[in-house]
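Numbering of ligands and ligand atoms starts at 1, following listing order. Remember, predicted model here, so these are calculated numbers, not experimental data. Hydrogens, waters and symmetry mates are skipped; everything else that's a heavy atom, side chains included, is used.
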Amino acid sequence: MNERLRRNPRTEAIWTQLNEALAALSTSTGRRELDIVDVGGGSGVFAVPLARIGHRVTVVDPSPNALATLARRAAEEGVGDQVTGVQGDAAGLAGVVGPAGADVVVCHGVLEVVDDVSGAVTAIAAALRPGGVASVVVAQRYAAVLAKALAGHFADARRLLDDPDGHWGRSDPLPRRFDESGVRALLTGAGLRVDEVHGVRVLTDLVAGSVVDDPAEVAALAELEAAAVAHPAFRAVAAALHVLATKA
Ligand SMILES: C[S@@+](CC[C@H](N)C(=O)[O-])C[C@H]1O[C@@H](n2cnc3c(N)ncnc32)[C@H](O)[C@@H]1O
């Protein structure tokens, strides 16, 4: 596999943080193979690699097309028997996995689009076993303000800056965006303990694809991104926040 395919600077930091959480959970539970639910897991960008490292993964997603791609990708990667796709909604998770059935719930890039965000987070908490971990990635509001302004969409940038939630209920909604205090309050309100919050996709989303077109540049961007993710000054403007939270 070439370097371009092997490294993905946008998701490397998320994988590093998630792998550390999985390793700690395997140690505390004494089980190497964990039960993971990937809510809104789509075509399996995270689910299939998680199965490949030995976990059982259930993807719950409303999109039949995404689930079909998931099944194909899992079969191609030789993990068809470890990945189950179920058509469903985040807020209805309990009906799919049952209460306290999961060691880990992955919810990446989904809370921006669900109708009922607090219902979704409550369902995620209910699906976790005590000591289980939620891995949540959400798009961050301040980065979206910068991106809108740089694209010349000044009115949208102003709406995002002034009004964290109000834009969602409008007839011309922008996707929901979060800030750190908001996502912390959301998860804590559902009974989860927030252990870690990382800013991710700090620089990768600002870099045009056309300037990263050989493996050495991909590797250099990945190294730069890793350094920026570790730098607290960038956290507030990272394109996304990766939160790890534990069910008490
Ligand atoms: C941006 S994609 C993220 C896919 C994947 N989690 C990832 O990180 O690559 C958003 C996913 O959320 C799914 N989705 C949309 N509404 C949902 C809902 N109410 N409950 C669960 N998933 C939903 C979409 O079908 C899509 O697969």
A90 and ligand 1 - part of the residue with a heavy-atom distance under 4.0 Å: both
Atoms of ligand 1 less than 4.0 Å from F46 heavy atoms? 8 (O)
Which residue and atom name correspond to the protein heavy atom nearest atom 7 (C) of ligand 1, and how close is it? H108 O, 4.0 Å
Show the atoms of ligand 1 that are less than 4.0 angstrom away from any heavy atom in S63. 25 (O)
Return the closest protein heavy atom for atom 1 (C) of ligand 1 as residue, atom name and distance. G109 O, 3.5 Å
I want to check something: taking the side chain as every heavy atom from C-beta on, are L50 and L22 in contact at a cut-off of under 4.5 Å? yes
Checking Q17, E196, R201 against H242 for side-chain hydrogen bond (donor to acceptor under 3.5 Å, both in side chains), the one that qualifies is Q17
Hey, does the side chain of Q140 reach the backbone of R177 with a donor-acceptor pair shorter than 3.5 angstrom? no
Okay, side chain of K247, backbone of G132: is any donor-acceptor separation there less than 3.5 Å? no
For G44 against P49, the heavy-atom pair lying closest together: O-CD, 3.5 Å
Backbone of V59 reached by a side-chain donor or acceptor of D38 within 3.5 Å: no
With a 4.0 Å cut-off on heavy atoms, is P62 touching ligand 1? yes
Nearest neighbour in protein (non-hydrogen) for atom 5 (C) of ligand 1: G40 O, 3.4 Å
Examine distances only and state if a side-chain atom of S28 and a backbone atom of L25 form a donor-acceptor pair shorter than 3.5 Å. yes
Starting from atom 9 (O) of ligand 1, which protein heavy atom do you reach first, and at what distance in Å? V45 CB, 3.7 Å
Considering only heavy atoms, which of D61, L93, D38, D89 lies nearest to atom 27 (O) of ligand 1? D61
Who's the nearest protein heavy-atom neighbour of atom 15 (C) of ligand 1, and how far? V113 CG2, 3.7 Å
Look at E112 together with R176 and state whether they make a salt bridge at an N to O cut-off of under 4.0 Å. no
For G42, atoms of ligand 1 separated by under 4.0 Å from a heavy atom: 27 (O)
With respect to D115, determine whether any N or O atom, backbone or side chain, lies less than 3.5 Å from an N or O atom of ligand 1. no
